[in-house]
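The structure under discussion appears below in the form of structure tokens.
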Amino acid sequence: MAQGGRKIVIGVDESEFSEQAFNFYVENFLREDDTLFLVHTPERYNFVDASPAVLHELLDEINKKVRALENKYQEKIKAAGIKLGKFVTKQGGPGEAIVAVADKEKANMIVTGCRGMGKIRRTFLGSVSDYVIHHAHCPVLVCRK
Amino acid sequence: MAAASKKRRNVIIAMDGSDASLNAFNWYRTMARKESDRITLVHAVEIYHSIYTSPLFHDIPFAVDVNAVRKAYADHKIDTENKLYDLALLMKSFCIEGKVRSVHADDPGEGLVRIAEELEADMIVMGTRGQNKLRRTVTGSVSDYVLHHATAPVLICPPKHVIK
């Protein structure tokens, strides 16, 4: 059955869980005509009290991290043979960003890990994946292990 | 594309007869399915609900008519078999090869997690709302349970989703 290219949104951060999610997508779902949107929300620092120099330093640090993450995933995209992969950086909460991109691009599916960068392991399911599941308008794949 | 024979996936699709589960099945079939997938359609039965809320037990909770109970169980078995048969027909109508299984548990979510472990599922596909009479939450309690307890990846299909 010939399908027009699907649009897949994957939430990514520096954690190994989003790598697992990405790998799972590549190994199990990847189709040649898929278009991939990798959504990343950089950590926000509270800039209110920062002096200009510190502000500059913090912004640099954030930018560096984002570039590094983007490069890492661009390599993975190339290695997997994906032709259409886009790295999207957004401000705000990761859950909201993922759902917003999926809605805007009319994604066919969202892929997310079950956890991320959170320090406190309260539940088996992270707050971002929880948010995405409750707000997404398309199917959501929650990867684990 | 990657060569080498990939491992065949064991995919479980939770089917309770609701539109949401049918939606999930159709989405999987059209968007995610691979020819090599080993598909099992699973019907989770709530033990308590199906037997003990029947009219049989309403009036006499402790005194038990053995024959009546036997009949209730027999009827329930036939009922479940019919549901499984319907699921088999569903797959046949789309020329899909697969199995059907029922699983009994106090909570359907528990049953699904258990059978996913038994079948070593690589993925669980399910809808968010089902047949439950009580609409407790925005997403169904069964999918919530499975999401939190399953060891396999879970594909959740929302009811608003329309297959193009």
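In the text below, chain A, chain B and the rest are named by the order of the sequence lines, each starting its count at 1. Quantities reported herein were computed from a predicted structural model and do not represent experimental measurements.
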What are the two closest heavy atoms between Arg31(A) and Arg33(B), and how far apart are they?
->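 What the structure gives for the nearest pair is NH2-O, 4.2 Å.
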Which heavy atom of Asp130(A) sits nearest a heavy atom of His148(B), and at what distance?
->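 So the minimum-distance heavy-atom pair works out to OD1-CE1, 4.2 Å.
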Is it the case that over 12 heavy atoms from other parts of the model lie below 6.0 angstrom from the [atom1] atom of [X]?
X         : atom1 : answer
Lys99(B)  : NZ    : no
Glu118(B) : CD    : yes
Lys86(A)  : NZ    : no
Asp19(B)  : CG    : no

Measuring only between side-chain heavy atoms, which start at C-beta, is [X] closer than 4.5 Å to [Y]?
X         : Y         : result
Val142(A) : Leu147(B) : yes
Pro139(A) : Pro158(B) : yes
Met109(A) : Trp27(B)  : yes
Val140(A) : Leu155(B) : no
His134(A) : Thr128(B) : no

Atom pair CG (Asn108(A)) and OG1 (Thr30(B)), whose distance is rounded to the nearest 0.5 Å =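 The CG atom of Asn108(A) sits 9.5 Å away from the OG1 atom of Thr30(B).
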Region of Asp122(B) that comes under 4.5 Å of a non-hydrogen atom in chain A |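 Just its backbone gets close to chain A.
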Examine Arg9(B) relative to Phe24(A) and say whether NZ or CZ is less than 6.0 Å from the centre of the six-membered ring and inside a 45° cone about the ring axis.
->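 Not satisfied by the 6.0 Å and 45° rule.
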Do Val103(B) and Tyr85(B) share a hydrophobic cluster, counting only Ile, Leu, Val, Met, Phe, Trp and Tyr and linking them when any side-chain heavy atoms are less than 4.5 Å apart?
->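 No, Val103(B) and Tyr85(B) fall in different hydrophobic clusters.
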Report yes or no: do Ile8(A) and Leu84(A) belong to one cluster of Ile/Leu/Val/Met/Phe/Trp/Tyr joined by side chain heavy-atom distances under 4.5 Å?
->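 No; tracing contacts between hydrophobic side chains, which count when under 4.5 Å, never links both residues.
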